[in-house]
Every structure is written in C-alpha cells, then in structure tokens.
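Okay, so here's the structure we're looking at.
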Protein chains: 2
Amino acid sequence: MTLSEEDYIKAIYHLSKDDKGNVSTNAIAAQMDSKASSVTDMMKKLAEKDVVHYKKYQGARLTDKGKSYAAKIIRKHRLWEFFLVEKLNFSWDEVHEIAEELEHIKSEKLIEKLDAFLDFPRTDPHGDPIPDKHGNITKVEKILLSSAKNNEKGIVIGVKDSSSDFLRYLDKLGISLGKEITILHKEPFDNSVMINLDGEKTSISALTANNIYLKIN
Amino acid sequence: MTLSEEDYIKAIYHLSKDDKGNVSTNAIAAQMDSKASSVTDMMKKLAEKDVVHYKKYQGARLTDKGKSYAAKIIRKHRLWEFFLVEKLNFSWDEVHEIAEELEHIKSEKLIEKLDAFLDFPRTDPHGDPIPDKHGNITKVEKILLSSAKNNEKGIVIGVKDSSSDFLRYLDKLGISLGKEITILHKEPFDNSVMINLDGEKTSISALTANNIYLKIN
DNA sequence: CAAGATTTTTAGAAATGTCTAAAAAATTAT
DNA sequence: ATAATTTTTTAGACATTTCTAAAAATCTTG
C-alpha cells in the first residue's frame, strides 16, 4: 500500500468506528481535506485491491482485509505515540503529527520489538486502545463526562477530541488520564458541569465535558 | 524536500565522501539503481533548489546547503540505527533498511529528543560517526585491516561494506566492533591475512581484510 | 411526484518522478 | 585529429495522485 492509500484506509476506519453503514464520498473528502473526485478515484483503486466495498453513488466501507490493515496502522500510530511520550518525554499534545509519519514505516518486526520494548502498553497517551498484533481491540466501558449523573465518580480514561488545543486546555485545567472526577452539579442553563477535581470545585463547559471520557467504578 | 530528493542528496553525499570533485550522472544512477536520464532531471530540480552545483555534462556536487541537508539525513539514519540495535535489540545486519525509512521522518525535535534518550552516541552500530545537530562529523583515524603491517595491533572500529551478508559473515568469524586484532602474517600469494583474534589464529581473505577498519593504538 | 438542491462521478488537465529511444557532447584510441 | 565509443541530455511517454468543471445520479421538499 502507498502512503496515500494508507491514509484513505485510516480515514474510512475512523469515520465508521461506531455505525456499520457505508461512508459517503463527501465525508471521506472532508476527513482527508481533499476533493470528492479524488476520493472516487481512490475508492476504485482500493476496491480493486479488495480493501473496500464500493458501489457508485453508495459510498464505501472497509472489507475484512481493509479493517485488518487499518488496525495495523492504528496499532503503529498508537505504539509510536506511547513511545514518544513515555520514552522521549513529549507531551500528549505534540505526538499526533509525528506519529502520522511514523505509522507508515513498514517493518512488522520493528513494531513487535517496539511493543516489547514498551512493555506491551494497552492504551496510547490519549487513552485510546492499542490493537494487538492480530488487529483485535479491547473495548473498555466508558461514558462521556457530559452524560454522567450527579454524584457519580469516575476516572478520566480518554478524550474524544485529541487536538493539541483541547489537550493543552486540559493540561491547564489540571485534567489528565487517571484523574478522579466527581460530578457535583449539572447546570441546565448552559449544560456546564461542576466537578470536584483534586479536592477543588471546578466548572467545565458543556463542550469540554462532551470531550472527556470517564470510567465509572 | 521530497523522499526522492532526499535519496538523491544522500547518494551524492556518499559518492563524494573522499574526493571533492563532481559526481558523474552515471555514478549517481548506479548508486540509486535508476537511469541517467532520471538523474539529469533530478539534478536540474536540485540545482533549482540550491542543494547541488550542476552544469550540463559535468556532473554534480553538493552545495553547502546540500551538505548540511545530507548531514542531517545521515544523522537521523545513524541515530535510528543506534536506537534499533541498543534499545530494540536488532542485530547490526538488520537495521539499515528500516533506518532508510526512518531517516525521512521530518521532526527536528524528535531527533534531538531521540539523541538525548540514547545518551548522545558518537557512532552507529557499524562504527560510522553520527553528525552532531549542526552537521559536523568527528573524523577518527582509521586504517583498513588489509593495509596494516605485520605485528601491528588494532581495535575494530568500523566496516567499509555494511551489507547484511558481510556483517553476518563477520558475526560468524567472531569479529565485532571493539575487538582487538593482531596482524600475524600477510600472505603474498592471495593477500590473505593471518590474524590473532581472541587468542586464536584465524586467516581472513583479502576481500574481508579490505572491508574492516582498525584503529591502531 | 416533479423541480430544485445536493452529492457523486466523469472527463480532462497538471505536477511528480520515472522510463526508453534518439540526439548531442565528451572522451578515447587509432 | 578524426573515428569510434561512452556518457549525458533531450524528447516524448507513462503511472500516480491530485484538482476543476461539467454531467449524471440521488435526495429533498413543496
């Protein structure tokens, strides 16, 4: 697979995470920051290679082969992110772009040795699960902070938005993976949430609350 | 710079290591395993970008900008090789191909952090010096084993040929970086060399002796 | 359910990097 | 120094990946 093909496979993977339907040409173009016509061309090529199911005017979805390939790219991306943060001391908002390049390095042996060197991490620095070498992902039960109920207590285990801006904002708030958060009160007026974090009362906006995943004990 | 441009820059760098003259179009084509016409095209492009001096029918050589760029690629290549061997337990004959890919990862910050993580190594797993962040290379005095004199004693500090085949052959012979070798006798008939290695007498061929660098105490 | 709006595909073009074949320049050898 | 050989460049083509503009299909809505 070329670099470009791998990027399209990843895009389709991310767009079809939850629902199992087809992904539209326009949705892929938006995700890739390219044009619908380019997507159509690439879908024909990927269908030829048997990594997507594609029918004119009906969008695309990954075949089993495509899903397996996507999982391998995601695995590489997340292992490299873990390496960058844990070994090279990058912060969690800096690693995505670099991992976007590293994820295309081909060697299987490299990635298995890296996995062992890192002591087989289960999640990346943003809490996202790292697929195993067969492409299997362990799903962890999690809810959005915004949908937690009053008096519920949870551990921060992930973020929905992992843009640098959001991650740096969380740093400023003192929110990081593993932190315990108690929901004190949800404000109906603006859907902001009053929480207890490290013994302090803090109010977080609806948008922020909608991008933090909690594991409820 | 694109991947392909970087590969051409590297090729010219390697071809003009010793002598300062221009490198011929055909020599570059041979090194790159491509055709002379492709080289001509690329030289025009690289001259435009001011990384090579190029005049029709007279070959090319790197500009200062080109040399600096080449040194950065070499630095990345050799740091990654060191990482692969020292941290991921690859053997010295396995790392070249993987480093060929890793050397194109762009982030400067990545490479400075990697350098620090590896504790600022001075040479790669084949004994070749790692340029510093400014592109400066520390030259070490060294001679080919084939040109050492009888009764001279030296430490293996590098190899001229770093192909997998040669490196694996050295493994079989028990020759690795840091080993002490004493030249016992040079056979005029076939230029083979009788050496003392770990207290054992061993004969090595002229070709082998011509690809091992020694530091004489 | 037909007209308008939107989405998707097709057609044609550009940029990159490569190649083959032929022409041009440089080198070598008689 | 001229002919033969080798090297290098040019010209034209092809594969990839992308784009714009126009056409075709699908969806939406009064």
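Every chain is numbered from 1, with letters handed out A, B, ... down the list of sequences.
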Which residue pairs pass the salt bridge (Lys or Arg N to Asp or Glu O under 4.0 Å) test with at least one member in residues 45-62 of chain A, sequence neighbours excluded?
Glu5(A)-Lys45(A), Glu5(A)-Lys49(A)
Please determine, by modelled atom types, if [X] and [Y] share a side-chain donor-acceptor pair under 3.5 angstrom.
| X | Y | answer |
| --- | --- | --- |
| Ser205(B) | Thr208(B) | yes |
| Glu81(B) | His126(B) | yes |
| Trp80(B) | Asp124(B) | no |
| Ser146(B) | Asn210(B) | yes |
| His104(B) | Asp7(B) | yes |
| Asn26(A) | Ser24(A) | no |

Ring-face cation contact, Tyr54(B) with Lys44(B), 6.0 Å cut, 45° max:
no
For His96(B), enumerate each residue passing the ring-ring contact (aromatic ring centres under 6.0 Å, His included) test, keeping only those at least two apart in sequence or located in another chain.
His77(B)
Where chain B begins and ends its contact with DNA chain D, read 5' to 3' at 4.0 Å from heavy atoms:
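Answer, 5' to 3': dT7(D) to dT10(D).
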Asp128(B): salt bridge (Lys or Arg N to Asp or Glu O under 4.0 Å) partners, not counting sequence neighbours
none
Do the side-chain N or O atoms of Ser4(B) get closer than 4.0 angstrom to the phosphate oxygens (OP1, OP2) of dT18(C)?
yes
Using atom names, set out every protein N or O paired with an N or O of nucleotides 23-27 of chain C below 3.5 Å, distance rounded to 0.1 Å.
unit_1: dA25(C); atom_1: O4'; unit_2: Tyr57(B); atom_2: OH; d: 3.4

Which of residues 31-47 of chain A sit near DNA chain C, with a heavy atom under 4.0 Å from it?
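Correct list: Ala36(A), Ser37(A), Thr40(A), Lys44(A).
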